[in-house]
Each structure stands twice: as C-alpha cells, then as structure tokens.
Amino acid sequence: MPKRRIGVFVCHCGRNIAGTVNIEKLVAALEKNPRVAYVTDYKYMCSDPGQKLLEDAIREKKLDAVVIAACSPSMHEDTFRKAGVRAGINPYLVEIANIREQVSWVHDDMERATEKAIRVTETVVEKVWGDEPLQDIEVGVVKRALVVGGGIAGMQAALDIADAGYEVVLVEKSPTIGGHMAQLSETFPTLDCSQCILTPKMVAVSRHPNIRLLTNSEVVDVEGYVGNFKVKIKKRPRYVDPDVCNLCGECERVCPAYAPNEFDRDLNVRKAIYIPFPQAIPAAYVIDPDVCLSFRSFKGALSGKPIICGRCSEVCEAKAINYDEGVEIEEVEVGAIIIATGYDLYGKENIGEYGYGKYENVIDSLQFERMLSSTGPTGGKIVRPSDGKVPKRVAFIQCCGSRDEQHLPYCSKICCMYTAKHAMMYRERVPDGEAYVFYIDIRAGGKGYEEFVKRVQEEFEVKYVRGRVSKLYEEGGKVRVHAADTLLGKPIKMDFDLVVLAMGIVPSPIDELAGALRIQRDSYGFLKEVHPKLRPVESATTGIFIAGAAHGPKDIPDTVAQASAAASKALGILTQEKLQHEPVVCTVDEDVCAACHVCESVCPYGAITVGEVAEVNEVLCEGCGTCVAACPTGAASLRNYRNDQIIAMIRAALRAGGGER
Amino acid sequence: MTWEPRIVAILCRWCAYAGADLAGVSRLKYPPNVIPIRVPCSGRVDPQFILEAFENGADGVLIGGCHIPSDCHYVAGNFKAMKRIAMVRKMLEVAGIEPERVRLEWISASEGEKFARVVREFTETLRDLGPLEREVKR
C-alpha cells in the first residue's frame with residue numbers, strides 16, 4: 001500500500017535536457033519504480049501548456065505528490081509548487097529533480113548522463129515518498145518597532161518608521177539623543193555644520209506623535225520572536241521631570257559638585273545637575289547620582305532624600321526635581337527591532353607608544369572636534385590643553401589603533417576623511433600654523449572624498465607624511481614625534497605644539513544587549529549581518545535589524561542609508577497582518593528525548609528550550625537541522641529532511657541501474 | 001564494463017548546491033560519477049549518512065558547505081560539519097576505510113569552477129584508491 005501516488009514529469013527543456021539525457025530511457029526506468037504511479041514527459045514543463053499538463057494529470061490520475069525532473073529548484077520550484085496548489089496538492093509535496101544544471105549541462109556521454117538522471121530523479125522520488133504535507137506557520141504581528149540607540153542611525157530609523165505610520169519606541173542609554181554626531185563641528189566633505197543638520201532631526205524625533213522616546217534607559221531582556229518580541233526596558237531615574245523643567249539653569253548655578261564633562265570629552269567640567277549640551281533632547285536637566293552630593297552621602301542607604309545638599313531643589317521654581325525617583329522596569333511588545341548602538345573611540349590609554357593618554361597636549365580626534373565646535377569648551381578656538389596657547393604646529397596621526405595587529409586589525413574607515421577635515425579647519429583658523437598628517441594610506445572612497453583630500457593637501461598646504469609614528473613624548477613643553485617618512489626613506493624627529501590622534505573605532509559596549517537579543521557579533525564585537533552583500537541590515541534572528549556603526553565603522557551618509565534600509569526592512573514586517581514562516585522546521589519526539597540539552601547548545605537561533613523534554617519554537621527555527629545531526633537519541637528531526645528520508649535518498653542514489661530494486 | 005567510482009555528494013542548498021548549479025550554467029564538464037543530494041545545511045549532515053553511503057555502495061562521499069568562517073546561511077552549521085566529518089574520518093580509519101574517501105569542501109554559490117574541479121579531483125582520487133572493500137578479510 002503506497003503512502004503516496006507520485007507522478008513524475010520529465011522536462012526536455014527543448015534540447016537542453018533531451019540533447020544529453022535519453023528521455024525515453026529515463027521515463028522507462030521511472031515506470032519500473034514501484035513508488036511511481038504515473039510518468040510523463042513534455043518539451044517545456046514550465047510553459048503554460050506544461051503547467052496545465054501537470055495540473056490536469058494531478059487531477060485525472062489522482063496524484064497527491066509530484067516530482068518535476070527539470071532545471072534547478074532555484075529556477076522553478078516556486079512555479080511548480082504554485083501549479084501543484086492550483087491542482088489541489090500540498091506545495092511541500094512538489095519536489096524538483098535537477099537534471100539540467102547538474103546533469104545534462106555538465107556531462108557529454110549520453111548513456112552515463114541518462115543513468116545519472118535516473119539516479120537523481122529516483123533520489124527525489126524517495127524524498128517525496130517520505131514528505132509530509134505542511135502548512136505555512138502563521139504568526140500575528142505587533143505593529144510597533146523598537147529602536148535601540150538614539151544616534152543618527154537610530155533617529156533616522158525611528159523617523160522613517162514613524163513617518164510610515166507605525167509606533168516606535170526609541171531607547172537611548174544616555175540622557176539625550178543625538179549620539180556622536182552631536183559632538184561634531186562640521187561634517188566632511190561638504191562641511192555642513194553637524195548641529196545644524198542634526199538638531200532639527202532631534203526635535204522631529206521628540207515631537208513625532210508616533211515616537212516614544214525613552215532616554216536614560218536600557219534594554220535588559222528580550223523574549224519572543226519576529227512579530228512578537230517582549231522587551232524589558234530599564235529606565236534609570238533622571239531626578240528632573242523633563243515636562244516641568246524650564247531650563248532656567250538656577251539649579252546648575254547653585255550646584256556645588258563637579259564632574260568631567262563627557263560630552264566635551266573631559267576637556268572641561270560640568271555640574272552634578274547638568275544638561276549634556278544646549279540642544280539636548282529631552283531639553284531638561286538631569287542629575288548624575290554618582291556625583292551629586294546628596295546621593296553620594298547615602299550610597300543608596302536610604303530613599304535618596306538629600307540631607308546634606310538639596311540646593312538645586314531649593315532653587316527650582318518649577319519644582320521639577322524629585323530625588324525619590326527610582327529605577328523603573330517597563331515591558332513593551334514590538335514586532336521588529338533595530339539595533340543602532342553606535343561606536344566608541346578606542347582609548348588612547350591602550351597605546352603605550354603614544355604615552356597611554358597621559359600627555360596633556362596629545363588629544364584624540366573627538367576632543368579636537370569639540371575644540372572646533374563653537375559650542376565646545378573653547379568656543380571654537382584651537383588651543384593647547386596645557387597652557388591655552390594657540391598651537392603653531394600640529395601633528396595629526398592616523399590609524400591610531402586601526403590597521404594594527406596589536407590593537408584593531410581592521411580599518412576604521414572614517415579617520416582619513418575627518419583627519420583631512422581637521423587639518424583643513426586648523427589651517428583655516430590658524431593660518432600661520434603648520435599641519436602635518438602622518439598616514440599609512442589615504443582611503444578616500446566616497447562621493448567627493450578624494451577631491452576633498454586633494455584640496456586639503458594642495459589648497460590648504462597640509463603636509464602629508466607617509467609613515468607610522470613609532471613613539472611620542474613630551475620634551476621642553478612640546479610633543480616630540482618619532483616617525484619614518486617611508487616615501488623618502490628617512491627617519492623623522494619633530495616637535496609639535498599639539499598632537500591629535502585619529503583613534504580607531506570600536507563598537508559601543510553591547511555585550512549584555514547582544515546576549516539578550518541572541519544576535520551574532522564578529523570577532524571585533526561588531527554586530528553581524530546575515531549576508532554581507534545581499535542581506536546587509538538583517539541579523540541572523542528574523543525581525544532584528546542592524547544599522548550604523550554598531551555594525552562596523554561607517555560615516556554619516558552610509559549610516560543614514562543603512563538606517564533607512566533597516567527601517568524599510570522593519571516596515572516589511574510591521575505592514576503584514578500575518579507573517580508566514582517556512583514550515584520546514586525541527587521537531588522533537590517527546591518519547592525519545594532524554595533532555596540532554598545538546599540540541600539547545602548547537603541551535604544558532606535559541607529556538608530550543610529544554611524542560612522535561614526539548615521544545616522547538618517553530619517561529620524561531622530556521623530549519624537548518626544542525627540539532628538533528630547532533631541529537632544523540634534521534635529524538636530531533638527536521639520536517640521533510642528526516643534521517644529516514646535522507647538515508648532512503650542515499651540508497652536510491654547508489655541503487656544499481658535501471659530502477660531495479 | 002569497467003569499474004567507475006560512485007560518489008554521493010551531500011550539498012548545502014545555499015552554497016555548494018548553488019555552486020554546482022553554476023557549474024551547469026557555465027557548462028563546465030565533470031565526471032558523472034557524482035549523485036547530488038540537496039540538504040539545508042552542511043550542519044544537517046549526520047555522520048550516519050556517510051556510513052550509510054559506504055554501506056550501500058558508495059566509494060566516496062563529498063560534503064559541500066559554505067565557506068568558513070562566516071558564509072554559512074545558518075550562522076555556523078559549517079563549523080559543526082567540520083568537526084563531525086573530522087570525527088567520521090577517524091572512525092573510518094579505525095574501520096580500515098581510507099579517510100580520503102570522505103571529502104569536505106567549502107564551495108560558494110559563485111564557485112562553479114571549484115565544484116567541477118573538486119568532483120574531477122575526487123573522482124581521480126577514488127580511481128586511485130579503487131573500489132571500497134566491503135567484505136571483511138579474515
């Protein structure tokens with residue numbers, strides 16, 4: 001009693017198959033196969049009449065499964081599955097035997113090609129014999145997105161989704177959105193003022209009715225799957241109600257506690273109650289509990305009420321300050337997640353040959369950027385941190401950490417361009433000053449980038465020296481730089497008033513977040529995409545997308561492009577009523593499973609949880625079958641790629657000629 | 001009829017199988033000794049499949065997957081395959097079967113040329129090794 005009534009349809013593909021494979025012989029062999037109920041052949045199976053022939057035969061011969069011996073499944077599997085469905089059979093009972101790309105096109109000997117075509121078709125007959133009819137798995141979609149990170153990438157992604165009419169929860173770790181872009185003075189190569197193009201976007205984010213902004217907050221846990229994520233967000237207290245604070249600044253004036261100003265890269269100080277920068281969003285003060293005397297005096301012992309200071313609260317006319325505010329955990333449901341957690345600079349303190357960041361007049365690129373900014377610590381004046389004098393000779397050192405096996409083996413991509421910009425800005429503001437750039441290679445790939453660097457070299461007379469700096473140290477109030485000019489083949493020893501290190505880019509610390517999301521990272525800690533070329537914004541977990549420098553060093557245009565790409569991918573999910581998920585997923589035989597956890601440990605998607613027995617979340621499972629091959633008891637199985645099926649296929653592949661059994 | 005080596009090729013659908021398709025599209029010729037079986041991932045390849053193939057008359061087994069480290073469509077199935085196949089080779093050696101009869105290759109969807117070359121080479125290797133002796137000699 002056969003399980004299935006299988007029909008085999010052999011395609012000639014004109015002469016493509018029939019020219020090398022003896023169709024008559026193939027059909028005759030298949031007729032002898034006891035699993036095959038009906039065989040026929042046709043010139044072009046994929047043509048309209050070919051598909052009609054298939055549909056009619058399914059109905060007339062009462063077939064419930066078919067094999068099309070034709071071209072590769074990547075060509076027409078979908079075509080024939082749809083034809084099968086039209087004739088009333090399950091799409092997963094339509095299989096393709098590839099006798100074109102992997103038989104007729106690669107062999108010349110007709111006899112042997114025909115024999116191989118028989119073997120190939122019979123292996124697929126074995127597969128479909130064991131195939132089960134499957135239904136696509138349907139899941140509902142929560143029509144809301146989560147964006148993690150409020151830099152330019154996160155803001156762009158959030159705005160794109162919100163503009164399309166969907167809700168967005170935007171979570172930012174720090175007290176304001178804006179990210180690193182807010183710290184920049186001008187942007188290369190057009191020299192747009194960074195704040196001028198960024199702050200309107202920040203305002204748009206804060207005013208958008210579809211965006212809920214959670215600053216001072218972090219994602220601590222994520223459960224669920226595409227369309228249905230449950231996200232736990234930890235909201236740290238701000239101690240100032242942003243809706244009430246009117247930015248009068250009285251609190252800041254009376255606050256007696258100081259801390260290094262991280263927004264200005266520690267080039268100056270801020271108070272314990274502060275606003276990160278004038279255009280910060282939310283536009284409100286925030287208390288840093290690590291610095292505030294009131295909180296420090298307690299160390300969390302009591303409720304946090306100030307017994308020592310409390311001056312800010314006393315002077316706040318708006319009554320915006322509340323020391324009792326505590327940590328809140330909020331749970332939100334979302335259908336898609338975009339991770340845009342951005343980057344940090346590799347620390348100067350990591351590089352011994354550059355003095356471990358201990359020389360005052362050796363600063364990093366973001367510090368220089370703050371100096372250039374008119375809202376920065378120097379009001380846009382370039383000065384030496386040690387004595388406030390204008391430096392007359394400045395060295396810009398590229399590839400600090402980057403492209404160095406000892407530090408960061410990769411290229412940080414943006415440093416060549418921002419260094420050129422820095423040197424240009426310096427020469428513009430200090431016309432009698434000399435600028436030297438020490439570089440390994442200039443990488444200026446991008447619209448107008450090469451031209452920009454040329455301009456800096458020629459018009460602004462910045463001296464580019466090809467060679468790595470071997471060491472630097474303070475000498476007589478200057479910084480002495482030892483390098484090699486590899487073009488002249490000469491060692492260089494020069495004194496500079498100021499040295500700017502183009503520090504490499506590293507991902508922001510995201511260990512916990514990546515762990516909570518179960519997404520992959522590369523060996524440097526950057527988020528990993530599914531496919532570097534064809535699926536560049538998707539993580540391996542369906543429904544989680546990546547954007548910006550968290551994925552790898554990137555400049556602003558690339559970041560914005562990627563953010564919009566991630567948003568459109570997320571919208572592709574949010575706009576669906578139901579999501580279809582391939583039903584070719586793993587299953588577990590509860591009677592056999594020994595709950596040994598091996599499957600759980602090999603699953604790349606976290607789709608398996610083990611209680612009494614292993615359980616597969618069908619929506620998370622992508623159907624790779626790694627767990628099946630690892631399962632020591634044989635409890636795990638992959639639908640329509642079961643062990644018994646594949647073994648039957650192997651046997652059919654090795655069966656001796658002509659369909660005899 | 002002269003003896004011809006028989007090869008079962010278990011190919012992951014994303015890379016190796018697509019590479020084999022490209023060999024066809026490029027009309028590259030290789031010996032018809034290989035019968036392909038398409039699986040989702042090289043990580044799906046159970047060591048048992050290889051043993052079954054030998055038991056049922058194969059002279060060689062080719063496993064094709066995506067390039068390491070990062071081409072695998074399913075993140076790291078290729079690494080799982082690499083470990084498992086190393087183990088199978090050791091087992092075969094103990095059983096007196098030449099481990100060269102199992103070949104693991106990373107073949108991307110763009111490497112039709114490599115697929116054809118691998119099949120050519122492997123067929124030659126197996127010709128040199130001769131038919132797999134299935135009877136235990138006492």
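Lettering of chains follows the sequences in order, A, B, ..., and the numbering in each one begins at 1. Quantities reported herein were computed from a predicted structural model and do not represent experimental measurements.
- Contact of Arg535(A) with chain B is made through the side chain alone, with heavy-atom distances under 4.5 Å.
- The most heavy-atom pairs under 4.5 Å with chain A, out of Gln48(B), Lys80(B), Arg13(B), come from Lys80(B).
- Ile50(B) does not touch chain A: none of its heavy atoms, backbone or side chain, sits under 4.5 Å away.
- Taken from SG in Cys621(A) to OH in Tyr74(B), the straight-line distance is 9.0 Å, to the nearest 0.5 Å.
- Using a 4.5 Å cut-off between heavy atoms, Val602(A) touches chain B through backbone and side chain atoms alike.
- Atom-to-atom distance recorded for Cys41(B):SG and Glu622(A):CD is 11.5 Å, nearest 0.5 angstrom.
- Interface residue Asn643(A): backbone and side-chain heavy atoms are both found under 4.5 Å from chain B.
- Within the 4.5 angstrom heavy-atom criterion, no atom of Lys127(A) approaches chain B.
- The candidate with the highest count of non-hydrogen atom pairs below 4.5 Å against chain A, out of Glu55(B), Arg27(B), Glu52(B), is Arg27(B).
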Q) Run the side-chain contact (heavy atoms from CB on, under 4.5 Å) check on Lys29(B) and Trp105(A) step by step: do they pass? A) CA-CA 8 Å; Lys29(B) 303 296 172 197; Trp105(A) 278 354; 5.8 Å; no
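- For a residue to count as touching a neighbouring chain, one of its non-hydrogen atoms must lie under 4.5 Å from one of that chain's; by this rule Asn16(A) touches chain B with the side chain only.
- Listed options Ala58(B), Gly112(B), Cys12(B) were ranked by heavy-atom pairs under 4.5 angstrom with chain A; first place goes to Ala58(B).
- With a 4.5 angstrom heavy-atom cutoff, Arg84(B) touches chain A only via side-chain atoms.
- For chain A, the nearby parts of Tyr17(B) are the backbone and the side chain; heavy atoms of each come within less than 4.5 Å.
- What you find for Gln102(A) and Ala20(B) is that their closest heavy atoms are NE2-CB, 3.4 Å.
- Note: Lys116(A) NZ to Ile35(B) CD1 = 6.0 Å, rounded to the nearest 0.5 Å.
- Considering CG of Asp46(B) and CG of Leu638(A), their distance stands at 12.0 Å, rounded to 0.5 Å.
- Heavy atoms closer than 4.5 Å to chain A are found in the side chain of Val8(B), but not in its backbone.
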Q.
Could you walk me through whether Arg6(B) and Arg119(A) satisfy the side-chain contact (heavy atoms from CB on, under 4.5 Å) test, starting with their C-alpha distance in whole Å, then the side-chain angles of each, then the deciding distance to 0.1 Å, before giving a yes or no?
A. CA-CA 11 Å; Arg6(B) 310 181 80 186; Arg119(A) 296 274 63 79; 4.3 Å; yes
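- Note that the CD1 atom of Ile646(A) and the CD1 atom of Ile37(B) stand 8.0 Å from one another [nearest 0.5 Å].
- A donor-acceptor pair shorter than 3.5 Å can be found between the side chains of Arg112(A) and Asn33(B).
- Using a 4.5 Å cut-off between heavy atoms, Ile7(B) does not touch chain A at all.
- The structure places CZ of Phe49(B) at 6.0 Å from CD1 of Ile650(A), a figure rounded to the nearest 0.5 Å.
- Neither the backbone nor the side chain of Val61(B) comes within less than 4.5 Å of any heavy atom of chain A.
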